[in-house]
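Remember, it's 1-based here, ligands and their atoms both numbered in the order they're listed.
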Amino acid sequence: MKFFIDTANIDEIKRAQDMGMVDGVTTNPSLIAKTGKDFETCLKEIVETVDGPISAEVLGTDRETMVAEAKKLVTYGEQVNVKIPMTVEGLAAVKTLTDLGIKTNVTLIFSPNQALLAAKAGATYASPFVGRLDDIGSHGMELVSDMLQIYQNYDYATEVIVASIRHPIHVKEAALMGADIATIPFAVIQQLAKHPLTDIGIKRFEEDWKKVPRT
Ligand code: G3P
């Protein structure tokens with residue numbers, strides 16, 4: 001499974017890269033706002049740091065505006081793909097951008113039918129927001145399972161990016177389902193590496209090592 005990091009924070013991106021965990025990056029307006037930096041500075045830094053796919057989101061709501069924004073976003077780097085919201089206008093923008101050879105990531109997907117439409121429009125990536133579905137009492141990972149089945153049924157090339165990941169169980173389930181990509185916040189990447197028995201084990205080895213006679 002490919003790991004994208006769900007952040008616009010350059011320090012987090014570099015720290016995750018040091019661990020070999022960054023195949024790509026996803027951003028959104030909320031994540032950009034959290035950095036306190038302007039959008040252009042943020043995106044430029046990420047493009048200079050990461051070779052893999054980088055999602056940058058449009059703010060427009062009509063096809064023409066989204067397409068114009070997308071054309072500008074891809075000038076920042078060839079690895080940039082354009083995040084488009086899952087709306088009727090968004091699908092039209094995805095269709096236009098696909099015809100122009102511009103890669104897209106359809107975001108804010110909450111149902112299997114939305115996922116089907118995103119693939120039909122030609123999306124490169126489709127992002128189901130699992131945590132936000134869990135928040136309203138739905139089962140977010142069920143959507144991922146449905147999407148993978150639908151895309152497999154019809155051989156769609158659209159890759160599923162499991163998004164709005166909140167905890168390690170989301171990652172484990174995504175991997176078991178065979179999701180193409182999980183986009184994971186840095187804090188969750190750190191959690192994935194941890195186990196209390198690992199820490200206890202290290203401590204015990206250190207203590208026992210002290211009992212080994214020195215020559
Ligand atoms: O990848 C989408 C993500 O940034 C949204 O996460 O936790 O705000 O639902 P969250």
Side-chain angles (χ1 to χ4, degrees), residues 1-13 15-17 21-37 39 42-43 45-47 49-50 52-61 66 69-70 73 79-87 90 94 103-112 114-115 118-119 123-148 151 158-175 177 179-192:
M1 185 168 67
K2 282 176 274 187
F3 272 32
F4 287 3
I5 184 166
D6 196 25
T7 186
N9 181 307
I10 203 72
D11 295 324
E12 290 183 347
I13 292 170
R15 286 171 68 194
Q17 264 181 336
M21 295 301 147
V22 178
D23 299 308
V25 177
T26 52
T27 69
N28 62 37
S30 310
L31 293 171
I32 300 279
K34 268 195 205 167
T35 67
K37 296 178 186 169
F39 178 65
C42 243
L43 188 54
E45 273 180 351
I46 299 171
V47 166
T49 310
V50 175
I54 299 162
S55 289
E57 189 155 344
V58 297
L59 270 309
T61 52
M66 286 189 260
E69 282 182 71
L73 287 173
Q79 70 273 55
V80 174
N81 59 74
V82 185
K83 241 180 172 180
I84 305 272
M86 176 57 231
T87 59
V94 170
K103 290 184 177 164
T104 55
N105 173 2
V106 176
T107 188
L108 293 165
I109 290 183
F110 294 100
S111 78
Q114 287 182 319
T124 317
Y125 305 106
S127 295
F129 273 35
V130 297
R132 293 194 194 182
L133 278 169
D134 293 350
D135 288 345
I136 60 157
S138 293
H139 190 167
M141 290 308 297
E142 240 171 51
L143 170 59
V144 176
S145 169
D146 288 348
M147 284 175 70
L148 291 169
Y151 289 1
T158 305
E159 290 189 84
V160 175
I161 306 183
V162 182
S164 183
I165 281 178
R166 303 277 174 75
H167 49 68
I169 295 169
H170 281 146
V171 180
K172 175 188 144 185
E173 289 184 348
M177 285 175 190
D180 306 281
I181 301 152
T183 188
I184 315 173
F186 182 60
V188 178
I189 294 178
Q190 286 180 307
Q191 278 181 297
L192 294 175

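- For ligand 1 and R166, the ligand atoms under 4.0 Å from any heavy atom of the residue are 7 (O), 9 (O), 10 (P).
- On a distance-only criterion, R132 and ligand 1 share at least one N/O pair closer than 3.5 Å.
- Contact annotation: for N28 versus ligand 1, heavy atoms closer than 4.0 Å belong to the side chain alone.
- By the salt bridge (charged side-chain N to carboxylate O under 4.0 Å, His left out) test, K34 pairs with no residue at all, sequence neighbours left out.
- Atom 6 (O) of ligand 1 has S164 CA, 3.5 Å as its closest protein atom, hydrogens excluded (heavy atom only).
- In terms of heavy-atom proximity, A115 sits nearest to M147 at CB-CG, 3.3 Å.
- Close N/O approach between K83 and ligand 1 is not found [any backbone or side-chain N/O within under 3.5 Å].
- When each atom of ligand 1 is checked for a heavy atom of D6 under 4.0 Å away, the hits are 1 (O), 2 (C), 3 (C), 4 (O).
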Verdict with reasoning, S55 to N105, per side-chain hydrogen bond (donor to acceptor under 3.5 Å, both in side chains)
CA-CA 7 Å; S55 289; N105 173 2; 3.0 Å; yes
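- Using a 4.5 Å heavy-atom threshold, the side chains of V171 and I184 count as touching.
- Residue A163 approaches ligand 1 through these ligand atoms, each under 4.0 Å from one of its heavy atoms: 1 (O), 2 (C).
- Near F129, with a cut-off below 4.0 Å to any heavy atom, the atoms of ligand 1 are 2 (C), 5 (C).
- Taking 4.5 Å as the limit, some side-chain heavy atom of Q17 sits within range of a side-chain heavy atom of V50.
- When the side-chain contact (heavy atoms from CB on, under 4.5 Å) test is applied to D135, the partners found at least two apart in sequence or on another chain are R132, R166.
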